[in-house]
Visitor: 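Structure provided below as structure tokens; questions to follow.
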2 protein chains.
Amino acid sequence: MTARAASERAPQPAEPAPWASVRERLRARGLRWTPQRRVLIDVLAASTGHVTGSELVDRCRAVDPATVPSTVYRALDVLEELGLVSHSHGHDGREEFHILPDAAHGHLHCTRCRRTWELPAGEAAELTIGLHDARGFSVDLSHLSVGGLCADCRGA
Amino acid sequence: MTARAASERAPQPAEPAPWASVRERLRARGLRWTPQRRVLIDVLAASTGHVTGSELVDRCRAVDPATVPSTVYRALDVLEELGLVSHSHGHDGREEFHILPDAAHGHLHCTRCRRTWELPAGEAAELTIGLHDARGFSVDLSHLSVGGLCADCRGA
DNA sequence: CGCAGTATTGCACGGTGTTGCAACAGCGGG
DNA sequence: CCCGCTGTTGCAACACCGTGCAATACTGCG
């Protein structure tokens, strides 16, 4: 039966370390563990990459139809403080949440095809360092979102 | 005085060339000159720097109480195509319009004090060139908005 | 000057997020 | 095991912005 080769990230209910400790992390801050937050955590644990706010609201509603948007958004604020998600604004100003940011990075999004890519810190280093030296400005890479045309769309 | 050095593009107050020719520029494209657009142009000509969409709506309403938001936003779209304004998204995803962009440039905004600064193309050159070379991605500088902490707020 | 054609307007409605507030419910203590 | 403190929720209302659609009014033309 599938032996121990389970390390191959397969059927995985996706519930690794970070999410498991959320409850304790909340308690440690005097914050509370509620059914609504549990739902959101479940949804997040089952998602990856980028999601918009309303998308998360929808998914939560799928689990618990009684879900209310404001609660989800407020819960996301809390989780952002814990560093479990980060958000930035897409081309249209809509919120995009980034789940479990493994490393600070920005985003690149094509104005035409709307695809997005991650922008590792390294590629933005000269900008961040330059601004830091020249102006004392400390860039928040996770909120950085660079718009433009991707290679494919430039061709067209 | 200052002789022919007039080439130094400065003296005009708030109603220089660009706005005066808007009507012709619209006509040249088969677009129309309407009272609503005139109001917006007046408002824009009297403003400088950055303004949010709703701020413009308010100012237009001050001139003509019958102003409707959707009309203003659509007019702004048109003016953006003419290159008279450009917009980007502020820290909160709200639209920020930049009037009469003299040169492509991005924005820097402090997450704490909410002040914003312009980011001249030069300072972002390494980023834009780097992305162009490495990924064939062509950055749209005018939509670039970099968040973070300004020197003052970093101190605090 | 009046007409026809089409760009625009106004309006109503939809989507995404935020906020104030009263009621509720975790969580620790007695 | 019940109590109370305080963090949270749900609701309702609001703000900002976009869009579909029918009515309107610029514009160029005859």
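Below, chain A is the first sequence line, B the second, and so on; all start at residue 1. Heavy-atom basis, side chains included; hydrogens, waters and symmetry copies ignored. Computed from a prediction, not measured in an experiment: that's the story for all the values here.
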Visitor: Going by the side-chain hydrogen bond (donor to acceptor under 3.5 Å, both in side chains) test, which pairs reach into residues 57-69 of chain A, not counting sequence neighbours?
Guide: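 Found A:Ser47-A:Arg59.
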
Visitor: Do B:His89 and A:His91 have side-chain N/O donor and acceptor atoms under 3.5 Å apart?
Guide: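 No.
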
Visitor: Distance check needed: C:dT8 P versus B:Arg27 CZ, whole Å only.
Guide: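 In whole Å, C:dT8 P and B:Arg27 CZ are 12 Å from each other.
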
Visitor: A:His50 and side-chain hydrogen bond (donor to acceptor under 3.5 Å, both in side chains): which partner among A:Glu96, A:His109, A:His107?
Guide: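 Per the side-chain hydrogen bond (donor to acceptor under 3.5 Å, both in side chains) rule, the option paired with A:His50 is A:His107, out of A:Glu96, A:His109, A:His107.
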
Visitor: Between C:dT18 and A:Tyr73, is there an OP1 or OP2 to side-chain N/O distance shorter than 4.0 Å?
Guide: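 No, outside the criterion.
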
Visitor: Can you tell me how far P of C:dA7 sits from CZ of B:Arg23, to the nearest Å?
Guide: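 B:Arg23 atom CZ is separated from C:dA7 atom P by 18 Å.
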
Visitor: Find which nucleotide of DNA chain D each of B:Gly93 and B:Pro35 is nearest to by heavy atoms, and output the residue with the more 5' nucleotide.
Guide: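 In this pair, the answer is B:Gly93.
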
Visitor: Could you give the CG-to-P distance, from B:Asp92 to D:dC16, as a whole number of Å?
Guide: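 Atom CG in B:Asp92 sits about 10 Å away from atom P in D:dC16.
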
Visitor: Does any non-hydrogen side-chain atom of A:His98 lie less than 4.5 Å from one of A:His105?
Guide: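 Yes, their side chains come closer than 4.5 Å.
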
Visitor: What protein N or O atoms touch nucleotides 5-11 of chain D N or O atoms at under 3.5 angstrom, if any, and at what distances?
Guide:
| unit_1 | atom_1 | unit_2 | atom_2 | d |
| --- | --- | --- | --- | --- |
| D:dT6 | O2 | A:Arg32 | NH1 | 3.0 |
| D:dT6 | O2 | A:Arg32 | NH2 | 2.7 |
| D:dG7 | O4' | A:Arg32 | NH2 | 3.4 |
| D:dG7 | N3 | A:Arg32 | NH1 | 3.2 |
| D:dT8 | OP1 | A:Arg32 | N | 3.1 |
| D:dT8 | OP1 | A:Arg37 | NH1 | 2.6 |
| D:dT8 | OP1 | A:Arg37 | NH2 | 3.3 |
| D:dT8 | O5' | A:Arg37 | NH1 | 3.2 |
| D:dT8 | O5' | A:Arg37 | NH2 | 2.9 |
| D:dT9 | OP1 | A:Thr34 | OG1 | 3.1 |
| D:dT9 | O3' | A:Gln36 | NE2 | 2.9 |
| D:dG10 | OP1 | A:Gln36 | NE2 | 2.9 |
| D:dG10 | OP2 | A:Thr71 | OG1 | 3.2 |
| D:dG10 | N7 | A:Arg74 | NH2 | 3.1 |
| D:dG10 | O6 | A:Arg74 | NH1 | 3.4 |
| D:dG10 | O6 | A:Arg74 | NH2 | 3.0 |
| D:dC11 | N4 | A:Ser70 | OG | 3.3 |

Visitor: Could you state the NE2-P distance from B:His87 to D:dG18, rounded to the nearest angstrom?
Guide: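 Going from NE2 in B:His87 over to P in D:dG18 covers 7 Å.
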
Visitor: Nearest whole angstrom, please: distance from the C1' of C:dA25 to the CZ of A:Arg38.
Guide: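 About 17 Å, once rounded to whole Å.
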
Visitor: Measure from CG on B:Asp77 to P on C:dT8 and round the result to the nearest Å.
Guide: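 Going from B:Asp77 (CG) to C:dT8 (P), I get 11 Å.
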
Visitor: Tell me, which of residues 106-118 of chain B have any heavy atom that sits under 4.0 Å from an atom in DNA chain D?
Guide: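 The answer is none.
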
Visitor: Calculate the interatomic distance between A:Leu56 atom CG and C:dG17 atom C1'; express it in whole Å.
Guide: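 Rounded to whole Å, this separation is 13 Å.
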
Visitor: When the ring planes of B:His87 and B:Phe97 are compared, do they come out parallel, tilted or perpendicular, using 30° and 60° as the limits?
Guide: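 Because their plane-to-plane angle lies in the 30° to 60° range, the rings of B:His87 and B:Phe97 count as tilted.
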
Visitor: Does B:Asp152 form a salt bridge (Lys or Arg N to Asp or Glu O under 4.0 Å) with B:Arg115? I'd like the steps, not just the answer.
Guide: CA-CA 11 Å; B:Asp152 293 352; B:Arg115 276 183 298 171; 3.0 Å; yes

Visitor: Are B:Ile99 and B:Leu119 joined in one hydrophobic group, where the rule is that I, L, V, M, F, W and Y side chains link up if heavy atoms are under 4.5 Å apart?
Guide: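 Different clusters: B:Ile99 never reaches B:Leu119 through Ile, Leu, Val, Met, Phe, Trp or Tyr contacts under 4.5 Å.
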
Visitor: Testing the 3.5 Å rule here: is there a donor-acceptor pair between the side chains of A:Arg154 and B:His132?
Guide: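 Yes - a donor-acceptor pair under 3.5 Å links their side chains.
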
Visitor: Whole angstrom is fine here: how far is it from NE2 in B:His89 over to P in C:dT16?
Guide: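 Distance, rounded to whole Å: 15 Å.
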
Visitor: Identify whether A:Leu44 and A:Leu82 are in the same connected component of the hydrophobic contact network (ILVMFWY, side-chain heavy atoms under 4.5 Å).
Guide: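 The answer is yes; both residues are in one hydrophobic cluster.
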
